[in-house]
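Working notes, beginning with the structure itself.
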Amino acid sequence: MLFTIIIVLVVALVIIAVIVNAVQQHKERLASLKRAEFSKLRTLLEDTEDILLNAANVPITKGIVQMLLKRIIVTLKAMLELEPNSKDLKKRIGETEARLNDTASGDMTVEGLTMPDNDKQIIGMIQGIKKLRTILRAEHARGNIDTQTVVQEDRRLEMLQLRINVESQVKRGNQARAGNMLGSARQCYEKALTTLSNCAHVDDYVTNRKSEVMTILEDIATELKEGNLRDRQKKAELENNDLDVLFAPKRKW
């Protein structure tokens, strides 16, 4: 009888150990999934905040700012569900909601485009615009922004990206031309012209800038032609001088 009780107890202990181990593994798996989800949300939050922070470099509208703030609030609330005791998350939610209310009641004007001083900043602006367009489509898919606004804002961002590309090429062309590197300057202007010509949405900027670039290219072609003519004349003069020296009467010493 005692032996039977011992066997039963051993079996019971084994079963309990298996159950405890299974429960522990389940808890660890849930904790791992929770950490992964929290990390994903944090990355999403940081990307959105970076874009909003860099809004000073890329002119964005009131609607875009509100969309980004709402995205931040939704992300923070999702993080709070995973970390319900986080005072920092609660504080940030309150601050962002207050900022959203201020934005809704205030007036915002879209600033004009200011080109950065170096290529690294220009690349950063273009990457920021691309991310913003991706977020715009993602928020539309979630039903957080209406279709008309998406179409208008995406068109505006597309044209903004085009302007940055064109102005950066024109700037390089101007610098090369100022340094009398007409060949390099022509390549830059031609790239700008190609970008403008391939634009599907023609507005006043595209029309006027295209005309200006074409005029500059015509001037460069004239300058190159005149330069080649001067080079040929100089070469001819040198050849004539060489012939004069060759056939000149020899002096007797």
Side-chain angles (χ1 to χ4, degrees), residues 9-106 108 116 118-147 149-151 153-154 157-158 160-161 164:
L9 289 174
V10 170
V11 173
L13 288 173
V14 171
I15 293 173
I16 292 172
V18 171
I19 293 174
V20 169
N21 184 57
V23 171
Q24 184 64 29
Q25 288 181 350
H26 180 67
K27 287 182 179 180
E28 290 176 356
R29 186 163 55 252
L30 289 178
S32 177
L33 292 173
K34 180 180 176 181
R35 287 193 299 269
E37 181 64 18
F38 194 87
S39 178
K40 180 181 177 182
L41 289 170
R42 184 170 54 196
T43 300
L44 180 64
L45 176 66
E46 290 173 351
D47 287 344
T48 309
E49 287 180 333
D50 285 344
I51 291 175
L52 192 57
L53 184 64
N54 292 327
N57 300 324
V58 179
I60 59 178
T61 62
K62 178 178 178 178
I64 291 292
V65 171
Q66 290 178 335
M67 179 197 72
L68 293 173
L69 289 173
K70 290 177 181 177
R71 181 181 173 92
I72 289 173
I73 292 171
V74 170
T75 306
L76 286 170
K77 287 182 176 179
M79 294 171 69
L80 186 61
E81 290 181 2
L82 297 174
E83 298 288 346
N85 296 324
S86 175
K87 294 181 180 180
D88 180 61
L89 290 174
K90 292 177 182 179
K91 180 181 177 182
R92 292 177 68 180
I93 290 172
E95 291 174 347
T96 309
E97 287 178 339
R99 186 178 176 185
L100 178 61
N101 292 333
D102 292 341
T103 304
S105 59
M108 288 183 62
N118 58 64
D119 291 344
K120 185 177 180 180
Q121 291 176 318
I122 292 174
I123 292 172
M125 286 181 67
I126 293 176
Q127 289 176 341
I129 292 174
K130 288 181 178 179
K131 286 183 179 180
L132 193 52
R133 293 180 70 184
T134 301
I135 289 176
L136 192 65
R137 289 188 286 268
E139 292 303 299
H140 177 251
R142 295 188 181 98
N144 296 332
I145 189 168
D146 62 274
T147 302
T149 302
V150 170
V151 172
E153 293 294 345
D154 190 68
L157 291 171
E158 180 183 5
L160 185 61
Q161 186 175 332
I164 294 172

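- Distance check: Ile145 CD1 to Lys70 NZ gives 8.0 Å after rounding to the nearest 0.5 Å.
- Contact of the Leu68 side chain with the Leu132 side chain is registered, since non-hydrogen atoms from C-beta on lie closer than 4.5 Å.
- Atom NZ of Lys131 has 12 or fewer heavy atoms from other residues, nucleotides or ligands within 6.0 Å.
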Is there a side-chain contact (heavy atoms from CB on, under 4.5 Å) between Lys130 and Thr134? Walk through the geometry before answering. CA-CA 6 Å; Lys130 288 181 178 179; Thr134 301; 5.5 Å; no
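- Rounding to the nearest 0.5 Å gives a distance of 5.0 Å between CD of Glu83 and CZ of Phe38.
- In this structure the side chain of Lys87 never reaches within 4.5 angstrom of the side chain of Lys91, judged on heavy atoms.
- The closest side-chain heavy-atom distance from Glu97 to Ile72 is not below 4.5 Å.
- In this structure, Val65 and Thr61 have side chains that are not in contact, with every pair of non-hydrogen atoms separated by 4.5 Å or more.
- Proximity of Asp47 to Thr43: side-chain heavy atoms (C-beta onward) are separated by under 4.5 Å at one or more points.
- One finds a salt bridge joining Glu49 and Arg92 here, because a Lys/Arg side-chain nitrogen approaches an Asp/Glu carboxylate oxygen to under 4.0 Å.
- Here CD1 of Ile19 is found 7.0 Å from CD1 of Ile16. Values are rounded to the nearest 0.5 Å.
- No side-chain heavy atom of Glu37 sits under 4.5 Å from any side-chain heavy atom of Leu33.
- Distance check: Asp154 CG to Gln161 CD gives 9.5 Å after rounding to the nearest 0.5 Å.
- Between the side chain of Ser39 and the backbone N or O of Arg35, no donor-acceptor pair lies under 3.5 Å.
- Here the side chain of Lys77 pairs no donor or acceptor atom with the backbone of Ile93 at under 3.5 angstrom.
- Looking only at side-chain heavy atoms (C-beta outward), Ile164 and Ile129 come within less than 4.5 Å of each other.
- Atom CG in Asn144 sits 11.0 Å away from atom CG in Leu136 (nearest 0.5 Å).
- Side-chain atoms of Met67 and Ile135, non-hydrogen and from C-beta on, do get closer than 4.5 Å to each other.
- Atom CZ of Arg133 has more than 12 heavy atoms from other residues, nucleotides or ligands within 6.0 Å.
- Look at Glu139 and Arg142 and you find a salt bridge, because one of the NZ, NE, NH1 or NH2 atoms lies within 4.0 Å of a carboxylate O, short of that distance.
- For Gln127, there are no side-chain hydrogen bond (donor to acceptor under 3.5 Å, both in side chains) partners, not counting sequence neighbours.
- Rounding to the nearest 0.5 Å places CG of Leu82 at 6.0 Å from CG of Leu41.
- For Thr75 (side chain) and Arg71 (main-chain N/O), a donor-acceptor pair under 3.5 Å exists by modelled atom type.
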